[in-house]
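Have a look at the structure below, then the notes.
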Amino acid sequence: MCTAIAIWFSPVVSKFWREKIDGGGNGWTLTSYTYGYTLAVIVIILICHLLSSRLRFAVPAFQFREQPSARPHAESNSYPDVSTSSALSDVRITTVISELDLKNLIDDINKKFHANEKWEDVINRRTDRLSYYARCCKQKDAPLKYLSVTVFENCSVEMLRDFYMDNDFRKIWDKTLIEHKQLQVDTSSGTEIGLMIKKFPLLTPREYVLAWRVWEANDGSFYCFTKACEYPSAQRRKKYVRVGLFRSGWRIKKVSGRNACEIQMVHQEDAGLNVEMAKLAFAKGIWNYVRKMDDALRQYSALDHSQLTSGVSAVTLIQKVRGQCAAIIAYLD
């Protein structure tokens, strides 16, 4: 009940209702009321979920029902502390994210799409210090795939990289993130594995066990690829739903000729939402989320980073782009 009240009074929902009223018409009908409220709820879910989260649950009659592949698991009620002593073997963690993942990310960012991929423009907005453009692709038997480009004025690539990778600071501005924990870091490959818990209105909290790795190219740009994985000590808990399909990556590079940088992101995650409703909700809510992110970035830039404590992580173990991937980037430049 409290969750429903919080959704009703949220700024995003209020804005949605105002726009519907301003649009004119012959008053509210039961159909428009139901559709509007449902869309507003989905907007909030997808805003929270953008950079990181979508599961399988069906939506017949506009109600969420978790499908078997995304049901809460009954293996454990508690979550034991995770240490490297019970971690993945060195061989396995080294190969969780491969050079092929990086190559596929480079191809996607440079729009080397598969023949069966049909892309649609979703949104194109800007302010004097920020611009955002996104498009999406509907694939057969797969969740929506998004490609976005965000440009931040008066920002360095290193600052934007650190901002995106700082989960402690993310907990301050992204209120959906209620827990994050580093599980293991492989110093040879630079691969990091971590756990996140996210809470969304009306839904069981979502649990993510993710692996990610960061590379630096010869041109000073940075690449990061993240995907879902399994981890022996990260037991599934009854009160959470484990996300099984998550693939996301980005490139951060300097914008030529001015003090700005851009992050180009490819993201695909199974949310289980009706595809057309998901696209509409994304288009409606993502701009507010991006502006909130920009405000947080400006706050982050003003911090004294020399006072921030940081242990070994994927950022401190950034790998150089080599071999075929380096040749591809050099050719594209």
Side-chain angles (χ1 to χ4, degrees), residues 46 49-54 97-126 130-153 155 157 160-161 164-165 212-228 245-258 260-271 275-276 278-283 285-287 289-290 293-294 319-333:
L46 288 191
H49 239 40
L50 167 67
L51 295 187
S52 296
S53 320
R54 294 174 196 124
I97 295 181
S98 67
E99 296 298 316
L100 179 59
D101 290 318
L102 174 59
K103 181 182 180 300
N104 291 336
L105 173 61
I106 294 171
D107 287 345
D108 278 341
I109 285 175
N110 290 282
K111 302 180 177 61
K112 291 186 177 180
F113 304 133
H114 299 292
N116 63 340
E117 292 184 344
K118 182 180 180 181
W119 290 83
E120 303 176 22
D121 292 340
V122 177
I123 185 173
N124 191 351
R125 301 287 295 275
R126 64 180 59 247
L130 171 72
S131 67
Y132 180 79
Y133 166 73
R135 58 197 314 207
C136 72
C137 171
K138 179 181 178 182
Q139 298 174 304
K140 184 178 180 181
D141 300 325
L144 285 170
K145 184 176 182 180
Y146 286 91
L147 175 65
S148 65
V149 180
T150 312
V151 176
F152 298 92
E153 300 293 335
C155 180
V157 292
L160 186 57
R161 176 203 66 199
Y164 259 81
M165 302 301 294
W212 58 90
R213 185 174 171 186
V214 183
W215 297 265
E216 181 180 7
N218 291 330
D219 62 0
S221 60
F222 293 94
Y223 292 80
C224 177
F225 183 75
T226 304
K227 67 182 178 183
L245 195 161
F246 185 99
R247 293 188 294 267
S248 186
W250 49 253
R251 177 192 64 190
I252 295 175
K253 72 172 187 177
K254 179 177 174 56
V255 176
S256 178
R258 68 180 199 262
C261 62
E262 72 167 33
I263 178 166
Q264 190 163 351
M265 177 173 286
V266 180
H267 186 89
Q268 188 173 30
E269 182 181 346
D270 191 352
V275 172
E276 295 304 319
K279 285 198 300 183
L280 187 60
F282 178 90
I286 186 57
W287 178 237
Y289 183 89
V290 172
M293 184 193 306
D294 179 60
Q319 306 290 296
K320 293 294 292 185
V321 178
R322 304 182 187 279
Q324 182 185 15
C325 292
I328 293 172
I329 293 172
Y331 174 78
L332 293 171
D333 288 344

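- No side-chain heavy atom of I329 sits less than 4.5 Å from a side-chain heavy atom of N218.
- When each of K145, R247, R251 is tested with D108 by the rule salt bridge (charged side-chain N to carboxylate O under 4.0 Å, His left out), just one qualifies, namely K145.
- For N124, there are no side chain to side chain donor-acceptor pair (under 3.5 Å) partners at least two apart in sequence or on another chain.
- Within the 4.5 Å cutoff, no side-chain heavy atoms of M165 are placed close to those of F222.
- The backbone N or O of P143 lies less than 3.5 Å from a partner atom in the side chain of Q268, making a donor-acceptor pair.
- Here the CZ atom belonging to R125 is positioned 12.0 Å from the OG atom belonging to S131, to the nearest 0.5 angstrom.
- At a threshold of 4.5 Å between non-hydrogen side-chain atoms, the residues I286 and Y289 count as touching.
- Looking at M293 and Y164, their side chains come closer than 4.5 Å, going by heavy atoms from C-beta outward.
- Note that the CZ atom of R161 and the OH atom of Y223 stand 15.0 Å from one another [nearest 0.5 Å].
- Annotation for V122 and A283: closest pair CG1-CB, 3.7 Å, computed over non-hydrogen atoms.
- In this structure, the side chains of E262 and K253 come closer than 4.5 Å at one or more pairs of heavy atoms.
- Here I109 contributes atom CD1 and M265 contributes atom CE; the two are 9.0 Å apart, rounded to the nearest 0.5 Å.
- More than 12 heavy atoms of other residues, nucleotides or ligands lie within 6.0 Å of NZ in K227, so this atom counts as buried by the packing criterion.
- In this structure, OG on S248 lies 8.0 Å from CZ on F225, to the nearest 0.5 angstrom.
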Checklist entry - How far apart are the C-alpha atoms of E99 and R322, what are their side-chain angles, what is the distance that settles it, and do they pass the salt bridge (charged side-chain N to carboxylate O under 4.0 Å, His left out) test? => result CA-CA 9 Å; E99 296 298 316; R322 304 182 187 279; over 6 Å; no

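- Legend: residues meeting side chain to side chain contact (heavy atoms under 4.5 Å, CB included) with T150, ordered by chain and number and at least two apart, are L130, Y132, F152, I263, V290.
- Listed for the K254 side chain is a donor-acceptor partner under 3.5 Å among the backbone atoms of R258.
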Given Y133 and V151, is the side-chain contact (heavy atoms from CB on, under 4.5 Å) satisfied, shown in steps? CA-CA 9 Å; Y133 166 73; V151 176; over 6 Å; no

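- Expressed to the nearest 0.5 Å, how far CD1 of I328 lies from CD1 of I106 amounts to 5.5 Å.
- In this structure, C261 and L160 approach most closely via the heavy-atom pair SG-CD2, 3.6 Å.
- Residue R213 forms a side chain to side chain contact (heavy atoms under 4.5 Å, CB included) with just one option from T226, L102, I97, and that option is I97.
- Using a distance-only test at 3.5 Å, with no hydrogens or angles considered, no donor-acceptor pair links the side chain of N104 to the main chain of D101.
- Remark: W287 CH2 to F282 CZ distance equals 12.0 Å, nearest 0.5 Å.
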